[in-house]
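Residue numbers begin at 1 in each chain, while the letters A, B, ... track the order of the sequences. Not measured: the values here are computed from a predicted model. Just so it is clear, the values below take in all heavy atoms, side chains as well, and ignore hydrogens, waters and symmetry mates.
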Amino acid sequence: MMTVDNNIRTRFAPSPTGYLHIGGARTALFNWLYARHNNGAFILRIEDTDKERSTAASTQAILDSMRWLGLDWDEGPFFQSVRGEIYSAYLEKLLATKQAYYCECTPAQLEAKRQEALTQGRKPKYDGTCREKGLVAGAGRVVRFRCPDFGETVVHDILKGNVAFRNEELDDLVVFRSDGFPTYNFAVVVDDAEMRITHIIRGDDHLNNTPRQILLYNALGLPLPVFCHVPMILGADKARLSKRHGATSVMAYQEMGYLPQAVVNYLVRLGWSHQDQEIFSLAELISFFGLGSLGKSAAVFNEEKLLWLNQHYIKTGTVEEIALLLKPFLAQVGINDPADGFLQQVTADLLTRSKTLIDMAQAGMFYFADKVAYDEEAANKFLLPSVGAILAQFAQCLAELQDYSKAGIEQLLRNFAADTGIKLKDIAQPLRVVLTGKTVSPGIDEVMVSLGREKTLQRLRDGVEFVGAKPPQGS
RNA sequence: GUCCCUAUCGUCUAGAGGCCUAGGACACCGGCCUUUCACGCCGGCAGCCGGGGUUCGAAUCCCCGUAGGGACGCCA
């Protein structure tokens, strides 16, 4: 199918040196949404020119994370590591026009100069040692771009406005390393041009790189894309988000029992808004998203709000969908291959009481137990010798109940309370402990329905036995 | 140190000069509902960084401070 579009092309270009983190995911999301909104194309490019740090495992993790979030790409993934000829061709242009030159300074020399500059309070930048040496290619030599000494380069950023940099602030950056691989600033320019990227949406930590890239575009005679530098995501201490702020990888959130919709919804609202709306379906996001409603200031990552959204998507999800997602989390607590019908009953009971799928699995364990393990405090408080007779009597009524349904059980509970003169709440808690082992659970009527009459009666018998076997206390 | 960006409740944000007595959401605190816990509903707390301008009028525009962030690699 041919897409009729205005040729908007965006890209996400992570380096495979680690997992996809929250910040990268948001950048990917913004690019994806912008492409989808405009019926354009979203391209995935893996920037693996650093062969020291790039790993296949990281690439895999990034692709998995993208898929989990639902961010599908139209082209790629392209790998820069296999595009060497392309970069070399562009490099030749630079060399041929003397806009680049070979440099034989060693990393150690450069580092020493950098330190010296820093201690003297100067801006550390390449001093141009090899600029006029007229060196040719050779072992250990890099290629540097000849940056103009005067004038200024203005970045026309759709979000930040026009940002001017004096060219003297820039220096002769390395475009090709001694290992024959291009550096980021060079490869990114070549690829964005080659891939006809129209809009570059990326973190504003790249804003300072942009004038250099613009100089490269110009030197190569390539058309400029539209730039949009979005603010970063910070940790609670307002420092750049990192591992020490807790989980930062997308997959960690999957493992912690978050739903991808929740993560997407949370991330999109970090730096973007649509009036007062908080909850967005994917279709709404695609339809509403625009660069004009992006914010300019950095956002602090707040897991509380993510948790709220996760809870929202759990409780508004369909039982079938959530049950399916819950399965692997149940397996983690030792519950394998639950019967579909039963699993769905359990899921339905827990839907409004779970913030994460892990919460849900833990809260739901008791349903699957052969014998309920009583929480010690709960048992001490509610499974007193005096409740044995009541439980036995209630079991009898339950066994004879005609309408074994939530409504029927609720009615029975009320009648039972009225008949015995015991307050409903005084019956409910012991019952709850006997059925679930805990003082906190879904409604006991719901639990009884989900468990079914047989299991429920078994648990009541176990409870009566437990209470009876208890040594008399305090006499 | 130099350059760049940013600045509304604790947090995410609405706000494009009068509609602002600054709105929503999370969190928090009350209350209602109730067989526990949730859900739901109702209510509350809390903010325009500071100082100068411009203007009849500024959260909104300008300048200066201040604070936070980012960049300064043969990382991306």
Is [X] near enough to [N] that one of its side-chain N or O atoms lies under 4.0 angstrom from OP1 or OP2?
X	N	result
R240(A)	rA71(B)	yes
K296(A)	rU6(B)	yes
R414(A)	rU35(B)	yes
S273(A)	rC12(B)	no
T439(A)	rU36(B)	no
Q275(A)	rG24(B)	no

If the [atom1] atom of [N] is compared with that of [M], how far apart are they to the nearest Å?
N	M	atom1	value
rG68(B)	rC33(B)	C1'	45 Å
rA14(B)	rG51(B)	C1'	27 Å
rU34(B)	rA46(B)	C1'	31 Å
rG18(B)	rU60(B)	P	12 Å

Inset, instruction - Specify whether Y184(A) and H206(A) have parallel, tilted or perpendicular ring planes, treating 30° as the upper limit for parallel and 60° as the lower limit for perpendicular. - result: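 Correct class here is tilted.
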base_contact_polar ([N] base, [X] side chain, donor-acceptor, <3.5 Å):
X	N	value
R353(A)	rC37(B)	yes
E111(A)	rG73(B)	no
R122(A)	rU2(B)	no
N209(A)	rA71(B)	no

Legend entry - Whole-Å gap separating C1' (rA71(B)) and CG (N208(A)):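 These atoms are roughly 4 Å apart.
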Legend entry - Per T183(A) side chain, nearest of listed nucleotides rA76(B), rC37(B), rG69(B): rA76(B)
